[in-house]
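A, B, ... follow the sequence lines: proteins, then strands. Residue 1 opens every chain. Worth saying up front: this structure is predicted, and the values here are computed from it rather than measured.
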There are 2 protein chains.
Amino acid sequence: MDEKISEAVVRRLPKYYRYLSDLDALGVERISSSAMSKGMSLNASQIRRDLNCFGGFGQQGYGYSVKSLKQEIMHILGIDKAYHVVIIGSGNIGQALAFYKNFALEGYIIKAIFDVDSNRIGKKINNIEVLSMNDLETYLKTENIHIGILATPKGAAQDVADILIKGGVTGIWNFAPIDVKVPDNAYVENVHLSDGLYVLSYYMQRGRF
Amino acid sequence: MDEKISEAVVRRLPKYYRYLSDLDALGVERISSSAMSKGMSLNASQIRRDLNCFGGFGQQGYGYSVKSLKQEIMHILGIDKAYHVVIIGSGNIGQALAFYKNFALEGYIIKAIFDVDSNRIGKKINNIEVLSMNDLETYLKTENIHIGILATPKGAAQDVADILIKGGVTGIWNFAPIDVKVPDNAYVENVHLSDGLYVLSYYMQRGRF
DNA sequence: TAGATTGTTAATCGATTAACAATC
DNA sequence: TAGATTGTTAATCGATTAACAATC
């Protein structure tokens, strides 16, 4: 339970969360690891092992309570609390994320958008202010921001990340096509959207083997 | 060389491609696996092993030619040719993707956007026509489309995927928060954007261990 | 040639799966 | 209690890393 938890396990947690949310929405109350196994195309042993990294949530002879397991995973992922977020860059991706309703619903509250383009500064996107990049450093001194979303061009990403980290941000969700580096006490999730398109092209061409 | 190539290897290819593109842009002509190792934070053995899945691109005592290795990887990934693409759904994500200039530059040519919203049908987004979902099936009969990008709500995703596959599409890039299923002769890349945000939250809360 | 670096085999490590005793 | 299903240990599998002979 306090062994180091592998990234493979962590990356399966959102999948469990999604699956359990769906079950819960359908009114399903309990589920066994073998039923989950079928529904999610994962091995039942793996599911039990994954969950037991965090605690014994099941009950022998019964299975797992959908509602409480979902709740546990929300808590493990840390998505049961509110985060203050800024978006840097109001281009296509920045805008799409600013408009994405689910973020607010799930507690990721977008407090401001920053951009270098003077045509955009002062405007609002989905009722969120667009501020000047020049003011980012000062802004971070007064506001308590947890997460920065990088939607800048490649060249600016690392510099902006540095400013965010210096300003106390501990999580960066990076959409720029470059691996941004952060110190050990912060964390970055590099997205690399087009990598997925390349992998898709690979399999379309070569088949699955 | 004709062993089954593991998905782990395939998912590293875009990373190699990005790194080599950067080197090439900087005018670097040759690189050794150990230099790549440092630049990419990957083990040098792993790099040599990965590349040798596809052929012996290096030269003992010299290393790899940046330009030709980049070219080889482009070819392996199948991104050295043109793909015809349709986007389904003209919401936030659909629009952002429609506006994304790099796709066209890299040979992913967006031929049309489909939507159910009559307010959007007939309009243009970044000079690409928005057509009615009702016409998708017919459209696919006359046009040769390789890739469908799903940017629909969750509930519609699987149905639309089925129509795309029936219409001859072999690759689906799915942004809807659900795992879409396709037959064995097609391939789907499920994106699940918010999973990354959850994983980010996890590490922000728990640290890396 | 001597030095460098690959391609590849062998060793290690970690993740997945199977098995089963514990227990609800 | 009997049946079901977990939690967990042991076995297997695959991926990563190390080592080194081949060779440019």
Would you say [X] places a side-chain N or O within less than 4.0 Å of OP1 or OP2 belonging to [N]?
X: A:Arg12; N: C:dT16; result: yes
X: A:Gln60; N: C:dA22; result: no
X: A:Tyr64; N: D:dA4; result: no
X: A:Gln59; N: D:dT6; result: no

Step by step, would you call A:Gln95 with B:Gln95 a side chain to side chain contact (heavy atoms under 4.5 Å, CB included)? CA-CA 10 Å; A:Gln95 271 194 48; B:Gln95 272 193 46; over 6 Å; no

Figure out the [atom1]/[atom2] separation between [X] and [N], and round it to whole Å.
X: B:Gln46; N: C:dT12; atom1: CD; atom2: P; value: 18 Å
X: A:Asn52; N: C:dA21; atom1: CG; atom2: C1'; value: 15 Å
X: B:Met40; N: D:dT16; atom1: CE; atom2: P; value: 13 Å
X: B:Arg49; N: C:dA10; atom1: CZ; atom2: C1'; value: 10 Å
X: A:Met36; N: D:dT6; atom1: CE; atom2: C1'; value: 13 Å
X: B:Asn43; N: C:dG7; atom1: CG; atom2: P; value: 15 Å
X: A:Arg48; N: C:dT23; atom1: CZ; atom2: P; value: 16 Å
X: A:Lys4; N: C:dA15; atom1: NZ; atom2: C1'; value: 12 Å

Quick one: do A:Val182 and A:Tyr187 satisfy side chain to side chain contact (heavy atoms under 4.5 Å, CB included)? Show the steps, please. CA-CA 7 Å; A:Val182 295; A:Tyr187 187 77; 5.6 Å; no

Can you tell me how the ring of A:Phe103 sits relative to the ring of A:Tyr108, calling it parallel under 30°, perpendicular over 60° and tilted otherwise? perpendicular

Residues in contact with DNA chain C, drawn from residues 23-35 of chain B - heavy-atom cutoff 4.0 Å: B:Ser32, B:Ser33

Would you say A:Arg18 and B:Asp195 make side-chain contact, with heavy atoms under 4.5 Å? yes

Establish, from distance only, whether the side-chain atoms of B:Tyr198 and A:Glu106 form a donor-acceptor pair under 3.5 Å. yes

Under the 3.5 angstrom rule, does the side chain of A:Gln158 hit a backbone N or O of A:Lys181 as a donor-acceptor pair? yes

Quick check against the 3.5 Å criterion: does B:Asn126 have a side-chain atom that pairs as donor or acceptor with the backbone of B:Ile128? no

Determine the sole option in B:Leu164, B:Ile113, B:Ile149, B:Ile172 for which the side chain to side chain contact (heavy atoms under 4.5 Å, CB included) test with B:Ile88 is passed. B:Leu164

What stems, by residue range, does DNA chain C take part in, given at least 3 consecutive Watson-Crick or G-U pairs under 3.5 Å? C:3-24 with D:3-24

Check: C:dA15 base within 3.5 Å donor-acceptor of A:Ser6 side chain: no

Is B:Asp22 salt-bridged to A:Lys154, going by a charged N under 4.0 Å from an acidic O? yes

Find which nucleotide of DNA chain D each of A:Ser45 and A:Gly61 is nearest to by heavy atoms, and output the residue with the more 5' nucleotide. A:Gly61

